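Not measured: the values here are computed from a predicted model.
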Amino acid sequence: MIKPTNLSRGASVLALGLASIAFIPAAAMAQDETAAPADEASGEGDIVVTGYSASLQSAVNAKKTRDQVVESISAEDIGKLPDASIAESIARLPGLTSQRVSGRSNSISIRGFAPDFSTTLLNGREQTSTGDNRAVEYDQYPSEVVNQVLVYKTPMASIVGQGLSGTVDLRTIRPLDYGKRAISIGARGTWADLGKLNAGSKKYGYRVSGVFVDQFANDTLGVALSASYVDEPYQIQEFNAWGYAGGGTAASPVVIGGSKSYATSTQLTRLGLQGTVQWRPTPNFTSTFDAFYSDFKDDQIKRGIELPLGFDVNNDPASPNATKLTITDIDSSGQFVFARAGRFSNVEGVVRNDVFERNAKLYSFGWNNRWEGDDGWNVTADISMSKTDRNELIFESNAGTGRGADVGATDTIGFTSDRNGTIFSPTLNYGDYNLIQLTSPLGWGGDQTGVDGRRIRGGQDGYYNNRIIKDELWQYRVEIERELEGFLRSVQFGVNYTDRKKSLTPDEAFVGLVANIDGLTSVPIPDQYRLGTTNLSYLGLGPVVSYDPRDLLAGGIYQLVPNPYGDVVVKAYDVSEKLMTTYLQANIDHEMGSSVLTGNFGVQAIFTDQNSNGATASFAGTNPNGSPNIVGIPRRESTDYIDVLPSLNLSLRTASDFVIRASVAREIIRPRLDDLKATLSYGTTVGDPGNMVCPTGRTCAVVRAGAGSAGNPDLRPWRANAADLTFEKYFGSRGYLAVQLFYKDLKSYIYNQETPFDFTGYPIQAPGNDGNGLPIIVNYMGTVNAPINGKGGKLYGVELAGTLPFGEIVSALDGFGVTGGASYTKTKIAPTPGAPAEDIPGYSKWVANGTAYFEKWGFNSRVSARYRSSFIGEVSGFGGARVRRRARPEMIIDAQIGYDFQPGSALEGLSIFVQGQNLTDEPFVTDDPRDARAVIDYQTYGRRFLAGASFKF
């Protein structure tokens, strides 16, 4: 007889340990009613289920006993296959996937929607984000401090802060429910096979962790403490194309327009601390206090060469210094004629040494008190706070052979382009410190004057962009529940108040050389700042000079001239939301012959008060010292609205272990916080404004706002009507097969559009006089490009999921098994008004993942694969802005082998493992939407190998 794991039967304590493969059985650790109770010991002997099998059993039980469509991971699974973040493990769940950033997964897409459409809770409480929006970036949460992950694919009224595509709830240990003392430590080492791409970078890293759980005062007081420290490198080989020039004909083949490619080294350090104190003085009352802290630093250096190519071509013989192109090989097989090989001459390359430094501190506290009365009345009160302080610096630095166009040595550079990007063959040595100097090779930015009179002459030598983000959320909740008898098991009524504030303060400046007072000066890199060279041989570019621009700024070589322009002014925002959520939910539990009908129905009412502070900005001429005169007006906007969200979840459970579920609901996700900013920049267009008629002989002007420069504080949420139908067959508590159908009808969508706007009363630069000396007529009815609410569309699909321990079918295969799923999603959403339906960000038509495992006699091994078809991904563009590009399909394969020393062994309690990640070195690739031969991004992260151990005391 197979029996569920019991903590008293010796299951390992550290599924949470960093390199742990000593496992905390998830069924016993589960902090809710989904955990399967352990059977009493019997004379026939117990079979103890531990390790990965226990984790899968816990997930099966969670899915089986819930009334919603739920996917689950226990901490044992996360601990046993350690990842940079829990996103790696969540991405293996059916219908879920992730996008890699810097080689690691940090965001999750559910059912074909981008991360913006889902929410993440910690112990049921909303959390602030380290990103610009609401979506949580999972690399903030160490896997060691998380006990269980629940992914709700359908909503119910009593869950506050739900997403439209799904809701991820991260759960931590409840020490009184755990019931035993546990002390465990773990450590692992990491090796990146790309080696050290940059001077000062590393190829080895480490991670250490510890867990302590105990109970005191006759088991009325419980304490759980977890800690994790990570210091690991990530190496990235990046190719990036500006785009592609040419008309695509034999006379004008498409050719790479420019390249900005880097060798990137990242050092990730993170301290994660989590603690829980539970107090249960009587069986009726439990008070629980949770605290979580993360101190995260992502220090990245990017070194490479930016090359202006096809966009700068001028084959006119009368322009001897212009860039010229010779094509030696073309390909006519695709949508256009494509230049596969050739040569550019007179190329002025820009050597880049750029810093991307990200520091974030996340604080989260929660205090929950629950009274369960003997008379059937239960009361819960909860208060929580989540806060994130983030500082993100992008520091760009330029070097080259001379200041300005046509100054210094130029390059003749060959190229070969294919589906893997472009390989170059230069004639200059970009690693020669006698040739490459600190300068502005192409004079980008020209002369700049700050409001305080400081100047940059002859082009900027770099750019300094420091983004300061603060995000704070308070949440207060009270719930009253009445237990009943009959068709309704209980009724819940609750009130939740959420107060969130998020702000961005930009600190941007032009970087210039202190010594360049005449606009002609370049400066050799001082010896004390030289860091050798970085090898770009994977691009054919050879070595490049290497230095840290932060050191040059601190040493007085560089100066900063604050950027005075309006586009910086309107980046700042301060958004606040006050949400009052009330809900009423009835829970069903009714026997129907040999079957049981369970479920819930209810309604949420959300009263939203949105407020946004920002500014308008307009160029109104030049100040006496030559700096731009930017007129700014503070702007404050607010709005309020109500959403009513009914939901119904039904589950019919048969005696033969079939479960049929049906769910219908109204779902929402609130707008991006940065789309709610009350900011607006604008200017005047003189000549042919297009929307006004000028009197004969007169000239007109119209006021226009720049594209993407305005927010919309009046935005309403994305809203959808959703339906789910699932059919599930369970094999006891250890396996299942499921078919899950879902349908979402988006009644609204948010997209950017040009809309009319009355600029009357807004300050503008006087457009001057026309050719006859008459004032130019101004039409103040202009346009603004801003996010607005519009109609949505439909998205639907099917998911196949299952967990099959083969020993349940054939005894000879005991210990072997598979788990995973596949999903197909179809979208009919038109993100652009009036345009045909197209893929939304994050959408992949096909998503599949699976794990094959063996676990017996202490040995354990696994191979995991996850696949997603082509999708619209998000990458970081200029100034940290979001850029969306079409990404190619990708398949990620990981594997692990380990051993747990068995009871009675001298090393009992010790677990060891070896793991390989991204074993096929799968790249991240984006293409020009016109043709896959025109590669925009090609990023290689290499393989990562890990070895570690954990020990349970």
Side-chain angles (χ1 to χ4, degrees), residues 102-103 190-205 231-240 259-269 297-307 347-357 393-402 408-409 411 413 423-441 461-462 511 513 515 522-558 939-942:
S102 297
T190 306
W191 172 53
D193 77 342
L194 284 182
K196 298 187 293 184
L197 296 185
N198 281 286
S201 67
K202 302 176 181 178
K203 63 179 178 180
Y204 299 110
D231 188 349
E232 292 183 335
Y234 290 82
Q235 307 288 346
I236 311 158
Q237 294 177 333
E238 299 183 53
F239 164 80
N240 171 262
S259 169
K260 184 169 66 175
S261 302
Y262 295 103
T264 299
S265 298
T266 293
Q267 194 68 27
L268 171 66
T269 57
K297 183 175 182 180
D298 190 348
D299 193 351
Q300 188 175 101
I301 189 74
K302 303 169 76 73
R303 296 189 173 107
I305 309 174
E306 193 159 5
L307 299 168
V347 174
E348 294 188 71
V350 180
V351 173
R352 301 290 296 268
N353 281 254
D354 298 348
V355 168
F356 286 68
E357 185 181 281
L393 172 64
I394 304 173
F395 189 169
E396 301 175 344
S397 171
N398 303 329
T401 60
D411 199 359
I413 185 167
I423 301 297
F424 301 99
S425 54
T427 55
L428 291 182
N429 178 6
Y430 292 94
D432 184 352
Y433 282 92
N434 295 319
L435 176 67
I436 304 300
Q437 304 180 55
L438 301 173
T439 190
S440 180
D461 298 275
V511 176
L513 288 167
S522 302
V523 173
I525 302 167
D527 290 344
Q528 65 268 35
Y529 300 115
R530 298 180 182 184
L531 300 176
T533 60
T534 294
N535 192 346
L536 298 180
S537 59
Y538 70 97
L539 293 167
L541 292 171
V544 297
V545 298
S546 301
Y547 56 89
D548 191 324
R550 292 169 294 192
D551 296 337
L552 296 173
L553 179 63
I557 306 299
Y558 280 148
Q939 298 181 4
T940 302
Y941 307 119

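Put simply, CG on Leu552 and CD1 on Ile525 are 7.5 Å apart, with the number rounded to the nearest 0.5 Å. Distance CZ/Phe356 to CD1/Ile394: 5.0 Å, rounded to 0.5 Å. If you take CD1 on Ile413 and OG on Ser259, they are separated by 8.0 Å, rounding to the nearest 0.5 Å. Atom NZ of Lys297 is separated from atom CD of Gln267 by 10.0 Å, given to the nearest 0.5 angstrom. Here the straight-line distance linking atom CD of Glu306 with atom OG of Ser261 works out to 9.0 Å at 0.5 Å rounding. Summarising the geometry, atom CD belonging to Glu232 is positioned 12.0 Å from atom OG1 belonging to Thr266; distances are rounded to the nearest 0.5 Å.
Ion pairing of Glu238 with Lys260 is absent here, as no side-chain N (NZ or NE/NH1/NH2) approaches a carboxylate O to less than 4.0 Å. Salt bridge status for Asp299 with Arg550: present, with a side-chain N to carboxylate O gap under 4.0 Å.
Using a distance-only test at 3.5 Å, with no hydrogens or angles considered, a donor-acceptor pair links the side chain of Asp411 to the main chain of Leu428. Thr264 places no side-chain N or O within donor-acceptor distance of the main-chain N or O of Lys302, the cut-off being under 3.5 Å. Not a single donor-acceptor pair under 3.5 Å links the side chain of Tyr262 to the backbone N or O of Asn240. Side chain of Thr439 to main chain of Ser522: no donor-acceptor pair is present (N/O by atom type, distance under 3.5 Å, no hydrogens or angles).
A 4.5 Å side-chain heavy-atom check between Gln300 and Ser102 finds at least one atom pair inside the cut-off. Taking the side chain as every heavy atom from C-beta outward, Asn398 and Pro441 approach each other to under 4.5 Å. The shortest distance between side-chain heavy atoms of Phe239 and Leu539 falls below 4.5 Å. At a threshold of 4.5 Å between non-hydrogen side-chain atoms, the residues Val351 and Asn353 count as touching. Between Arg303 and Arg352, the closest side-chain pair of non-hydrogen atoms is not below 4.5 Å. Using a 4.5 Å heavy-atom threshold, the side chains of Val347 and Leu307 count as touching. In this structure, the side chains of Trp191 and Asp193 come closer than 4.5 Å at one or more pairs of heavy atoms. Side-chain contact between Ile305 and Val350 is absent, with no heavy atoms from C-beta onward closer than 4.5 Å.
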### Query
Passes side chain to side chain donor-acceptor pair (under 3.5 Å), Asp548 versus Tyr529? Steps please.
CA-CA 7 Å; Asp548 191 324; Tyr529 300 115; over 6 Å; no
### Task
Apply side chain to side chain contact (heavy atoms under 4.5 Å, CB included) to Asp354 and Ile301, showing your working.
CA-CA 6 Å; Asp354 298 348; Ile301 189 74; over 6 Å; no
### Query
Between Lys203 and Leu197, is a side chain to side chain contact (heavy atoms under 4.5 Å, CB included) present by the stated rule, with each step listed?
CA-CA 9 Å; Lys203 63 179 178 180; Leu197 296 185; over 6 Å; no
### Query
Under the side chain to side chain donor-acceptor pair (under 3.5 Å) criterion, do Gln237 and Thr940 qualify, and how do the steps go?
CA-CA 5 Å; Gln237 294 177 333; Thr940 302; 4.7 Å; no
### Message
With side chain to side chain donor-acceptor pair (under 3.5 Å) as the criterion, how do Ser546 and Thr534 come out once you've worked through the C-alpha distance, each side chain's angles and the decisive distance to 0.1 Å?
### Response
CA-CA 6 Å; Ser546 301; Thr534 294; 2.8 Å; yes
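At a cut-off of 3.5 Å, with distance as the only test, a side-chain donor of Tyr558 or Ser397 sits close to an acceptor on the other residue.
The two residues Ser201 and Lys196 come nearest to each other via the heavy atoms O-CD, 2.9 Å. The two residues Ala399 and Tyr547 make their nearest non-hydrogen contact at CB-OH, 4.0 Å. The minimum heavy-atom distance linking Leu513 with Asp461 is given by the pair N-OD2, 3.2 Å. Smallest separation of non-hydrogen atoms from Pro549 and Phe395: O-CE1, 3.5 Å. Across Asn198 and Ala263, no two heavy atoms sit closer than the pair ND2-O, 2.9 Å. For Leu194 against Gln235, the heavy-atom pair with the smallest separation is CD1-O, 3.4 Å.
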